[in-house]
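Some notes on the structure that comes next.
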Amino acid sequence: MHKEVALITGSTSGIGLAVAHRLAADGFAVVLHSRSSSAAGAALVAEIVAVGGDAIYVQADLADDSDRIRLVRSACEQWGRLDVLVNNAGISKVIAHGDLAAVTSDIWQTLNEVNVVAPFRLVAEAESALRESARKGGPACVVNISSHAGVRPKGASIPYAATKAALNQVTRMLAVTLAPDIRVNAVAPGLVDTPLTADWTAAQQLWRERAPMRRAAQPEDIAQAVAMLIASRYLTGEILLSDGGLNLT
Ligand code: NAD
């Protein structure tokens, strides 16, 4: 029987890249994905295979439903199983919360498609493979990458925060609906040092000065939280706030 398989969306940069490395190191065969960076995906596959791991890369636009379905089918077909789905891909839009006029219907729709509809549709497409993982004694779980902005009234913009709050509720409702076969959890990071946040200097200063841990997260910190949720066979429906304690202050 082949080793356990994990699909990580948005895994050629930032948090997804760290999750892919972590799960490959933990012994999973990994299905890597991004919207466009095929060259980075191929290089990452070569890197993981060079150290004895198993990896493939699939390009897909998660705003497109046929691409979502193709991605999950490719993942399931490669090694004949799928044990873990990490819904990491997401988009953000920085808009001052008071600038209501800047928040167009287009922005709402685009963020909602990628941050809420896509994770749900990927779970729907992966459901039977994940149930099969449960039957084989595999981890059979979904980990969604949400945000502290989905828990508190904070974050890059109101639409971003609202989509992450919706993803948290999807997480809880799927945890109830798919139990006991499939566990569904989320990690809700605060600020993480990734390409997305490279120029967020005010947020970086806030985390250095106010967060009890006195720093933003590194992608590896979030990957560790993901690995913990995958390994913890009794946890489901959890939204694991991973913000260095900022929201306590
Ligand atoms: P990133 O920009 O490095 O990664 C985002 C990934 O999403 C990319 O790989 C990109 O290809 C993919 N993606 C975006 N739109 C897509 C689409 N239409 N189709 C397919 N893939 C698409 O950013 P990151 O900081 O690593 O973010 C990863 C996740 O973590 C996101 O869901 C983000 O909202 C969340 N998050 C990040 C932070 C942070 O501070 N960096 C904080 C909280 C939550």
Side-chain angles (χ1 to χ4, degrees), residues 7-22 31-41 43-44 57-72 74-75 85-94 107 109-122 142-152 154-157 159-168 170-171 186-204 206-207 211 215-223 225-226 239-244 246-247:
L7 164 59
I8 307 109
T9 66
S11 40
T12 59
S13 70
I15 294 169
L17 177 62
V19 172
H21 277 304
R22 172 63 193 249
V31 181
L32 311 167
H33 153 268
S34 71
R35 177 178 38 187
S36 54
S37 38
S38 303
L44 185 53
Y57 166 81
V58 182
Q59 178 280 330
D61 180 358
L62 295 182
D64 180 316
D65 211 52
S66 58
D67 266 24
R68 294 168 185 153
I69 292 167
R70 180 175 55 78
L71 171 61
V72 176
S74 303
L85 167 61
V86 181
N87 277 314
N88 164 74
I91 46 174
S92 183
K93 183 91 183 159
V94 180
I107 290 171
Q109 280 160 21
T110 306
L111 290 179
N112 193 52
E113 271 302 319
V114 177
N115 293 354
V116 186
V117 181
F120 181 90
R121 294 285 297 141
L122 294 183
V142 176
V143 182
N144 294 322
I145 306 300
S146 156
S147 169
H148 80 126
V151 180
R152 309 269 186 254
K154 294 181 178 174
S157 63
Y160 176 75
T163 60
K164 292 300 189 177
L167 183 59
N168 288 342
V170 166
T171 301
V187 178
L191 184 69
V192 189
D193 284 335
T194 71
L196 184 76
T197 59
D199 59 356
W200 294 13
T201 47
Q204 288 157 4
L206 177 71
W207 253 267
R215 65 175 177 88
Q218 293 304 303
E220 292 71 21
D221 293 315
I222 307 306
V226 171
I239 312 296
L240 184 61
L241 192 59
S242 186
D243 66 347
L246 184 83
N247 284 284

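Counting starts at 1 for both ligands and their atoms, following the listed order. Along the sequence shown, residues carry numbers from 1.
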* Which atom of V192 lies closest to which atom of P219, heavy atoms considered -> CG1-N, 3.7 Å

* Asked: Can we say R68 and E113 salt-bridge, meaning some charged N sits less than 4.0 Å from an Asp/Glu carboxylate O?
  -> yes

* With N87, which residues qualify under side chain to side chain donor-acceptor pair (under 3.5 Å), at least two apart? -> N144

Mind listing the N or O contacts between ligand 1 and protein, cut-off under 3.5 Å?
| unit_1 | atom_1 | unit_2 | atom_2 | d |
| --- | --- | --- | --- | --- |
| ligand 1 | 3 (O) | S13 | OG | 2.7 |
| ligand 1 | 7 (O) | G90 | N | 3.4 |
| ligand 1 | 9 (O) | G10 | O | 3.4 |
| ligand 1 | 18 (N) | D61 | OD1 | 3.0 |
| ligand 1 | 19 (N) | L62 | N | 2.8 |
| ligand 1 | 25 (O) | T194 | OG1 | 2.7 |
| ligand 1 | 26 (O) | I15 | N | 2.8 |
| ligand 1 | 32 (O) | N88 | O | 2.8 |
| ligand 1 | 32 (O) | K164 | NZ | 3.0 |
| ligand 1 | 34 (O) | Y160 | OH | 2.7 |
| ligand 1 | 34 (O) | K164 | NZ | 3.1 |
| ligand 1 | 40 (O) | V192 | N | 2.8 |
| ligand 1 | 40 (O) | V192 | O | 3.4 |
| ligand 1 | 41 (N) | V192 | O | 3.3 |
| ligand 1 | 41 (N) | T194 | OG1 | 3.2 |

* Above 12 or not: heavy atoms from other molecules or residues under 6.0 Å from NZ of K154? -> yes

* For W207, all residues meeting ring pair (Phe, Tyr, Trp, His ring centres under 6.0 Å), sequence neighbours excluded -> H148

* Asked: Who passes ring pair (Phe, Tyr, Trp, His ring centres under 6.0 Å) against H21, sequence neighbours left out?
  -> none

